[in-house]
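A short worksheet on the structure shown next.
We name chains A, B, ... by the order of the sequence lines, and we start the count at 1 in each one.
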Amino acid sequence: MFALVDCNNFYCSCERLFRPDLKQVPMVVLSNNDGCVVARSPEAKALGIGMGVPLFKVRDDIKRHGIRIFSSNYTLYGDISARVMQTLEQFTPRMEIYSIDEAFLDLSGIGKLDDYGRQIRTTVKQHVGIPVSIGIAPTKTLAKLANSAAKRFRATRGVVELCDPRRQQRLLAITPASDIWGIGRNLTRVLQRRGVKTALDLARMEPHRARRLSSVTLERTVRELNGENCIALEEATPKQQIVCSRSFGEKLTDNREVREAVCEFTARAAEKLRREKLLARMVSVFIRTSPFDETGTGYGNTATGTLPRPSSDTLEILHLVSRLFDMVWKNGGRYAKAGVMLGDFCSPDILQLDLFDTGTDHRRNDNLMRAVDSINRDGRGMIRFGGQRPRKDWFMRQEHLSPAYTTKWNCIPVVK
DNA sequence: TCTGGGGTCCTAGGACCC
DNA sequence: TCTGGGGTCCTAGGACCC
């Protein structure tokens, strides 16, 4: 049984903690360059300000309705998020922090779920001052749905417990398929063409058909809507990628200027890497013109390279970044955005084994069993197959979550 | 004029191997 | 002459999330 706890209008709620006078006043928080609206108070939502709209498009509405605007303060939001999460930890032994303002809680074995949810809500409000909504259901996808119902219907007073299959069906029937977690713009179109409109239509789809139509992710969604657990709780998984990228305030055309920006991103990314106590092997650089720029033909390019050895040293990484930058650079572009990505991490703490491709002999299994032993002993580690990163579904298979995930591998422990 | 930043996961396809 | 099946590893690109 899962609960999804989600902070209401998180960034706005954070700003209001220190400005109680802004209660009931319509307000929005803007993205980095004050480009887009990234959070809206309920009053601003009611005035029709959309999520993610560029500021220039709603400037008139803002003036007309006296909506207050704030630049974002991520240090503050991160700090308040940490306090919310600390408070939530008291309610469960297992929890997944899903984003800055959301967490899944494992509530297995708890009796009166609705009461428990209300208790969580009250405690967070008292301790931190942030209002939250809570959805409780047997799978993560249904918990997401329950959460959105808790937000949508006032009568629920912020908590929806969705364990009864009949209630699940009723809610699914009045929810468009596009509101389901994992169904984006594209899948909505694909589904609609096949007459799948409501979430209930989607739930009634044959799982194998869902897989053929799209991929295993859609199959999981369908199964989850029917109460079959396919997406496991992930407690503190290590980072797999670090990205530093930014849209430029004004378009850049000069090689030197863009190169400088990319150097800065590299330094920041390497800093994050060191803070995580990780080493990277893969480095990518990308630049692109604005997709909204109609003055020229659009251009974007990415180059990826491997470091001579795993590293978190800014200069070592910069050396490669500089070469990659030369590969992606093209004269004459009006560049709007650039970024640096680091990936394929390793750490001294992680046990690594390269297993042989054997086929007939049993070295692979022997190695695997030895690795499992040592992981069980130390409580931490990772098994790599010939340098390949273990994939998500291997983990799923090991858990025997569903017969849909059968494989030739018998047992692939990933991270413990 | 002004359009976020930071992530994850999946699939396809090519090169290569036995 | 026949031109396989099964696998690894890597990359690009698409889709989705908050």
Note: contacts of residues 29-40 of chain A with DNA chain B (heavy atom, under 4.0 Å) are A:Ser31, A:Asn32, A:Cys36
A:Phe10 atom CZ is separated from C:dC17 atom C1', nearest whole Å, by 17 Å
query = Rounded to whole angstrom units, what separation is found between the CD1 atom of A:Ile97 and the C1' atom of B:dT8?
reply =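 Atom-to-atom, A:Ile97 to B:dT8, this comes out as 17 Å.
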How is [X] classified with respect to the nucleic acid when contacts are heavy atoms under 4.0 Å: base, sugar-phosphate, or nothing?
| X | answer |
| --- | --- |
| A:Ile180 | sugar-phosphate |
| A:Glu102 | sugar-phosphate |
| A:Thr304 | sugar-phosphate |
| A:Arg185 | sugar-phosphate |
| A:Ile183 | sugar-phosphate |

So, is [X] close to the [N] phosphate, meaning a side-chain N or O under 4.0 Å from OP1 or OP2?
| X | N | result |
| --- | --- | --- |
| A:Gln241 | B:dC9 | no |
| A:Arg220 | B:dC10 | yes |
| A:Thr302 | C:dA12 | no |
| A:Ser247 | B:dG5 | yes |
| A:Lys144 | C:dC18 | yes |
| A:Thr217 | B:dC10 | no |

By nearest atom, which of the nucleotides [options] is closest to the [X] side chain?
| X | options | result |
| --- | --- | --- |
| A:Trp181 | C:dA12, C:dC16, C:dC18 | C:dC18 |
| A:Ser99 | B:dG5, C:dC18, B:dC9 | C:dC18 |
| A:Asn186 | C:dC16, C:dC17, B:dT3 | C:dC16 |
| A:Tyr98 | B:dG7, B:dG5, C:dC18 | C:dC18 |
| A:Ser215 | B:dT11, B:dT3, C:dA12 | B:dT11 |
| A:Lys272 | B:dT3, B:dG5, B:dG7 | B:dG7 |

Applying the Watson-Crick and G-U criteria (both distances under 3.5 angstrom) with [ ] for crossing and | for other-strand pairs, one obtains for DNA chain C ....||||||||||||||
Look at the aromatic rings of A:Trp329 and A:Phe325 and report parallel, tilted or perpendicular, splitting at 30° and 60°.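 The rings of A:Trp329 and A:Phe325 sit tilted, inter-plane angle from 30° to 60°.
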- Message: Check the orientation of A:Phe248 and A:Phe265. Use parallel for under 30°, tilted for 30 to 60°, and perpendicular for over 60°.
- Response: parallel
I need the [X] [atom1] to [Y] [atom2] distance, nearest 0.5 Å.
| X | Y | atom1 | atom2 | answer |
| --- | --- | --- | --- | --- |
| A:Thr217 | A:Leu187 | OG1 | CG | 7.5 Å |
| A:Leu17 | A:Glu15 | CG | CD | 9.0 Å |
| A:Leu191 | A:Arg189 | CG | CZ | 11.0 Å |
| A:Phe286 | A:Asn301 | CZ | CG | 11.5 Å |

Q.
For A:Arg246 and A:Glu250, find the nucleotide of DNA chain B closest to each by heavy atoms; which residue's nucleotide sits nearer the 5' end?
A.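 That would be A:Glu250.
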> If each of A:Ile242 and A:Lys57 is mapped to the nucleotide of DNA chain B with the nearest heavy atom, which maps nearer the 5' terminus, i.e. the 5' end?
Replying inline: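 The residue mapped nearer the 5' terminus is A:Lys57.
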Exactly one candidate in A:Glu228, A:Glu224, A:Arg220 meets side chain to side chain donor-acceptor pair (under 3.5 Å) with A:Thr141; the answer is A:Glu224
Side chain to side chain donor-acceptor pair (under 3.5 Å) with A:Thr314: of A:Arg274, A:Arg268, A:His319, only one passes, and it is A:Arg274
Quick check: are there more than 12 heavy atoms from other residues, nucleotides or ligands sitting under 6.0 Å from CZ of A:Arg152? yes
| Within the 6.0 Å centroid threshold, strictly below: A:Tyr116 and A:Phe91 | yes
Distance, C1' atom - from B:dG4 to C:dC17, rounded to whole angstrom: 14 Å
### Query
If every non-hydrogen atom of A:Pro138 is compared with every non-hydrogen atom of A:Met1, which pair is closest and at what distance?
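Scanning both residues, the minimum pair turns out to be N-SD, 3.4 Å.
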